[in-house]
Amino acid sequence: MLVLNIFSLTRRGWIRVVALDLEAGQQSGTVSRMWSRSYGTVTGMARVDGEVAPAGGGAAGHGGLDVPEPDQGSAAQIVRRNFSVTVLSSVATLGRALRIGAGAVYIGTADALRCRFQVHETLAQAWFLIRVTAVPSILMAIPFGVIVSAQVGNIVSELGADSMIGAAGGLGVIKQGAPMANAMLLGGAGAAAIAADLGARTIREEVDALRVMGVDPVQRLVVPRIAAMMLVAPLLNILIIFIGVASGFVVAVSALNVTPGSYWQSFGSFTTPVDLWVSLVKAVIFGFLVVVIACQRGLEATGGPRGVADGVNAAVVMSIAAAVVLNTVITQVVTMFFPVRMA
């Protein structure tokens, strides 16, 4: 009986033993080999009937025992496999985010109907979001309104329609500028703060402690943050619209020689209440999307502080990218049903 101890290479380069018994006829003995793989080199030692000898034979020093190399496949197979894993992982992440969002909406509605909604925690989270996003929103709205008025004003002046600067600048700020600036601010500052908070709670096992005590983490942590974001998002959108339109008006009057009356007349002629409502609805949808992604990445943080940092980065990137894609879809749908027309 010949007993071969075949060692398989693991990911860390060390060896895992797999015993295999083979019939060897009249021969008897024990062959024991150990391989250690480090930086692409393979070394071995053999012990045959009590004698230790270096592993000889073979180009790699396997001593007559063939160690099968893992079949990596062709480049096309590797790309196909990685692409499939990426797609499935993305779909699974989307499914978990949707489950968290739907569960939070259901739990929040049930708590509101039972008069058990966490009003104090919601207001505290809303005030926190206002503190981290109010000043950046003003600083972003001012240059945005100035750039839109300056660029549109130069083009319109070439066409001899200076009175249309108010309409073009106002519609640009209300329909596109304010919702996207709002999404970027909430995704950059709000999502980062929420993901960092929940991620830190997760790696400190506070979330697991809540589950042990019978408290639903979604009800205790996610619902107040979603409600706070739904409250803050339209307020920030209105603030950005006001600052952006006002800064555009100052530039148009002071630098482009547009009379104040013609600016506001053209602004009122083309801007309708539907445009304002669509902008507010966009802000609410983007806020919900941002907070759900941030909560999902925070609650799934693993690996200590490094995992929290990775969750924060993923929350910011995913929320802003999702808001941009969703804004394109909403804009196309709204344009089909509510085209630009005179008020």
May I ask you to test the Phe288-Val105 pair for a side-chain heavy-atom distance under 4.5 Å? yes
With Tyr263, which residues qualify under ring-ring contact (aromatic ring centres under 6.0 Å, His included), at least two apart? Phe249
Given Thr202 and Glu300, is the side chain to side chain contact (heavy atoms under 4.5 Å, CB included) satisfied, shown in steps? CA-CA 7 Å; Thr202 301; Glu300 294 182 359; over 6 Å; no
Before you tell me yes or no, could you show the steps for Asn237 and Ser279 under side chain to side chain donor-acceptor pair (under 3.5 Å), namely the whole-Å CA-CA distance, both residues' side-chain angles and the distance that decides it to 0.1 Å? CA-CA 8 Å; Asn237 192 76; Ser279 180; 2.9 Å; yes
Who passes side-chain contact (heavy atoms from CB on, under 4.5 Å) against Ala193, sequence neighbours left out? Phe128
Least distance between heavy atoms, Val308 atom then Ala200 atom: CG2-N, 4.0 Å
Ignoring hydrogens, what is the shortest heavy-atom contact between Gln125 and Pro224? Give both atom names and the distance. CB-O, 4.4 Å
If you link ILVMFWY side chains whenever their heavy atoms are less than 4.5 Å apart, which other residues fall into the same cluster as Val212? By chain and number, please. none
For the residue pair Ala97 and Val292, what are the closest heavy atoms and their distance? O-CG1, 3.3 Å
As an exercise, state the distance from CE of Met180 to NZ of Lys175, rounded to the nearest 0.5 Å. 15.5 Å
Would you say Thr302 and Ile203 make side-chain contact, with heavy atoms under 4.5 Å? no
Taking all atoms of both residues into account, what is the closest heavy-atom pair of Val316 and Gly187, and its distance? CG2-O, 3.5 Å
Set of residues satisfying salt bridge (charged side-chain N to carboxylate O under 4.0 Å, His left out) with respect to Asp310, sequence neighbours excluded: Arg306
Check which hydrophobic residues are tied to Leu94 through side-chain heavy-atom contacts below 4.5 Å, counting indirect links as well, and list them. Leu98
Drop me the distance from Leu221's CG to Leu299's CG, to the nearest 0.5 angstrom. 7.0 Å
Using only heavy-atom distances, determine whether the side chains of Asp111 and Gln219 contain a donor-acceptor pair under 3.5 Å. yes
Tell me, yes or no, whether the heavy-atom count around Arg99 atom CZ, taken from other residues, nucleotides or ligands under 6.0 Å, exceeds 12. no
What residues, two or more places apart in sequence or in another chain, satisfy side-chain contact (heavy atoms from CB on, under 4.5 Å) together with Leu235? none
Using a side-chain heavy atom cutoff under 4.5 Å and only I, L, V, M, F, W and Y, what cluster partners does Ile240 have? Met140, Leu185
With the side chain counted from C-beta on, respond yes when Lys282 and Gln176 share a heavy-atom pair under 4.5 Å apart, and no when they do not. yes
Among all residues two or more places apart in sequence or in another chain, which pass the side-chain contact (heavy atoms from CB on, under 4.5 Å) test with Arg211? Val207, Asp208, Pro217
Reported CD-to-OG1 distance for the pair Gln265 and Thr259, which is rounded to 0.5 angstrom: 8.5 Å
Spatial distance of atom CZ (Arg297) from atom OG (Ser319) [nearest 0.5 Å]: 11.5 Å
Asn182 and Phe286, any side-chain heavy atoms less than 4.5 Å apart: no
Taking atom CH2 of Trp277 as the centre, does the number of heavy atoms from other residues, nucleotides or ligands within less than 6.0 Å exceed 12? no
Hey, any chance Leu198 and Val291 share a hydrophobic cluster, counting ILVMFWY side chains that come within less than 4.5 Å of each other, even indirectly? yes
CA sep, side-chain torsions, deciding dist, call: Tyr106, Val218, side chain to side chain contact (heavy atoms under 4.5 Å, CB included): CA-CA 11 Å; Tyr106 175 78; Val218 175; over 6 Å; no
Cluster question for you: counting only ILVMFWY and a side-chain heavy-atom cut-off of under 4.5 Å, with indirect links fine, are Val281 and Val334 together? yes
Phe337 and Val333, any side-chain heavy atoms less than 4.5 Å apart: yes
Whichever hydrophobic residues join Val135 through chains of side-chain contacts under 4.5 Å: Leu139
Gap between atom CG of Leu210 and atom CE of Met213 - 0.5 Å precision: 5.0 Å
Locate the shortest heavy-atom distance separating Ala134 from Leu236; write the atom from each residue and the value. CA-CD2, 4.2 Å
Do Ser247 and Val251 touch side chain to side chain, with heavy atoms closer than 4.5 Å? no
Quick one: list whatever passes side chain to side chain donor-acceptor pair (under 3.5 Å) with Arg114, sequence neighbours left out. none
Any chain of hydrophobic side-chain contacts (each under 4.5 Å) joining Val223 to Met230? yes
Measure across Ala195 and Gly311 and return the closest heavy-atom pair with its distance rounded to 0.1 Å. CB-O, 4.3 Å
Are any non-hydrogen side-chain atoms of Asp216 and Val222 less than 4.5 angstrom apart? no
State which residue, out of Thr328, Asn327, Leu326, fulfils the side chain to side chain contact (heavy atoms under 4.5 Å, CB included) condition with Ile330. Leu326
Going by the rule side-chain contact (heavy atoms from CB on, under 4.5 Å), which residues pair with Ala227 if we only count those two or more places apart in sequence or in a different chain? Phe117, Thr122
Run the salt bridge (charged side-chain N to carboxylate O under 4.0 Å, His left out) test against Arg131 and tell me which residues pass, sequence neighbours left out. none
Under the side chain to side chain contact (heavy atoms under 4.5 Å, CB included) rule, what do Arg201 and Asp197 come out as? Steps first, then yes or no, please. CA-CA 6 Å; Arg201 293 172 183 265; Asp197 182 25; 3.1 Å; yes
If you group Ile, Leu, Val, Met, Phe, Trp and Tyr by side-chain heavy-atom gaps below 4.5 Å, do Ile147 and Val245 land in one group? no
First locate atom CD1 of Ile238, then atom CD1 of Ile243, and finally report the distance between them rounded to the nearest 0.5 Å. 12.5 Å
If hydrophobic clusters are built from ILVMFWY residues whose side chains come within less than 4.5 Å, do Leu186 and Val312 share one? no
